[in-house]
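Scroll down for the structure; my scribbles are underneath it.
When reading the values below, keep in mind they use all heavy atoms of this one structure, side chains included, and skip hydrogens, waters and symmetry mates.
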Amino acid sequence: MTTTTDQRAAEAAEALMGRIFGAALGAAELFTIYLGDVHGIYRAIDEGGPATAAELAERTGLDHRYLVEWLQSQAISGLLTIDGTDVWTDRFSLAPGVREALLEPTNPVYAGGLAAVVPAVGRAFPQLVEAFRTGAGVPYAAYGDEAVRAQEMLNRPAYVNSLAAEWIPNVPGLHDLLTRGARVADLGTGAGWSAIELAKAYPAVRVDGYDNDEDSISRARRNAAEQGVSGRVSFEVRDIADVAANGTPYDLVTFFECVHDFAHPVEALTAARTALAPGGSVIVMDEHADEVLAAPGDEVQRFLAAASTIWCTPQGLVDEDSDVVGAIMRPDRLRHLAQHAGFGQVDVLPIEHPFWRFYRLTP
Ligand SMILES: C[S@@+](CC[C@H](N)C(=O)[O-])C[C@H]1O[C@@H](n2cnc3c(N)ncnc32)[C@H](O)[C@@H]1O
């Protein structure tokens, strides 16, 4: 009996050690991917063609010795190919898939945002370690500019490829409403891509995007101008609780992946309800947390739970009386919040996504 128990514990420890090694490998590679992205090395190879370390140093202005080491790591990891075995003199090319996953920010498989999250967490990490003792929040700004950039890189591909093409057609009546023309408020808009893609798909729609993060709103304004929709999409730095302040009645209010981050989610949902025009409704896109805890969980739940611990929950704890939910926001929890915010009905929408669940809230 004891031997069997000891044996099981030894096997479990060995398996865990393997798993932790895999995680360390992934983390180390994410840092190298970030370096390739932020310094434009993948792009320099893509645009200028296969190159040696010396040629790339010339093209990018980066240090030759660091480039040799980075190129070697990328070839060993399989993100680059090398046309020989000498990392000092042979030429490197992009491996298949690297362009789509790391150089095309609107490609559905674009994954650059996942690499950008790592340095953002690194910047806030000393504060986060301390916060576990003090209970203090770690403001979004503590994660640095990279956090806002990472956030926009993470979600933009889905808004570009799925918002109008897949999601809206699955919400009864929404396509017709937006086609006729509607006033929309996009709350917690971040860099504004949900608002911008909505306006691009529906020319009769006007969208007001709100976020309390200044950097996000300046990026959102720049993005809207670049996409040619600034005339119909405006962005303002404003706390969600004040969304009804300008008196505009909205036919639709949207929350894209942010309710679980809010320090005061009931107040945010109440503000959204108050801002609705008669007949209006609220759409919430939030994390696809399991309906009940499954422990251990699958990879999606593991990712959400870990992200919640190092990103969402610390950011939502910024107010002393915070009631932040965190990324494991189960449907029952949202129903409860919505009920407290005065909504009469909460429907889970028939939109399938591995990471997100969609809800419609009706007063
Ligand atoms: C996870 S990000 C989502 C951003 C964007 N919707 C997207 O999908 O990329 C959450 C956003 O909520 C914003 N936020 C958090 N608390 C807020 C508040 N009280 N008022 C306004 N915005 C808030 C943050 O600044 C951040 O941009």
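One N or O on the side chain of T274 and one on the backbone of T270 form a donor-acceptor pair closer than 3.5 Å. For R232 (side chain) and Y202 (main-chain N/O), a donor-acceptor pair under 3.5 Å exists by modelled atom type.
Inter-residue side-chain proximity for Q301 and I328 is flagged as met; some heavy-atom pair is nearer than 4.5 Å. Between L361 and L269, some side-chain heavy-atom pair lies under the 4.5 Å cut-off. The closest side-chain heavy-atom distance from P265 to D323 is below 4.5 Å. Proximity of L71 to L80: side-chain heavy atoms (C-beta onward) are separated by under 4.5 Å at one or more points. Side-chain contact between R219 and R149: present, with at least one pair of heavy atoms (C-beta onward) separated by less than 4.5 Å. Proximity of V207 to T254: side-chain heavy atoms (C-beta onward) are nowhere separated by under 4.5 Å.
Counting all heavy atoms, side chain and backbone alike, W311 lies closest to V121 at CE3-CG2, 3.7 Å.
Checked against salt bridge (charged side-chain N to carboxylate O under 4.0 Å, His left out), D208 has the following partners two or more places apart in sequence or in another chain: R183. The salt bridge (charged side-chain N to carboxylate O under 4.0 Å, His left out) test applied to R91 returns E55, not counting sequence neighbours.
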Show the numbers, then the answer: is there a ring-ring contact (aromatic ring centres under 6.0 Å, His included) between Y42 and W70? CA-CA 11 Å; Y42 298 117; W70 184 85; 5.2 Å; yes
From CA spacing to verdict: side-chain hydrogen bond (donor to acceptor under 3.5 Å, both in side chains), S308, T313: CA-CA 5 Å; S308 188; T313 303; 3.0 Å; yes
Applying side chain to side chain contact (heavy atoms under 4.5 Å, CB included) to V253 and L276, what does each step give before you reach the verdict? CA-CA 7 Å; V253 173; L276 285 179; 3.7 Å; yes
List the steps and the verdict of salt bridge (Lys or Arg N to Asp or Glu O under 4.0 Å) for E130 and R133. CA-CA 5 Å; E130 188 55 21; R133 265 188 280 275; 3.4 Å; yes
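Each of E197, R222, K200 was compared with Q227 under the side-chain hydrogen bond (donor to acceptor under 3.5 Å, both in side chains) criterion, and only K200 meets it. Remark: of the listed residues Y159, F255, F355, Y159 is the sole one forming a side-chain contact (heavy atoms from CB on, under 4.5 Å) with M285.
Here CG of D186 is found 7.5 Å from CZ of F235. Values are rounded to the nearest 0.5 Å. For the atom pair OH of Y359 and CD of Q345, the computed distance is 15.0 Å after rounding to the nearest 0.5 Å.
A salt bridge does not link R43 to D46: none of the charged nitrogens lies less than 4.0 Å from a carboxylate oxygen.
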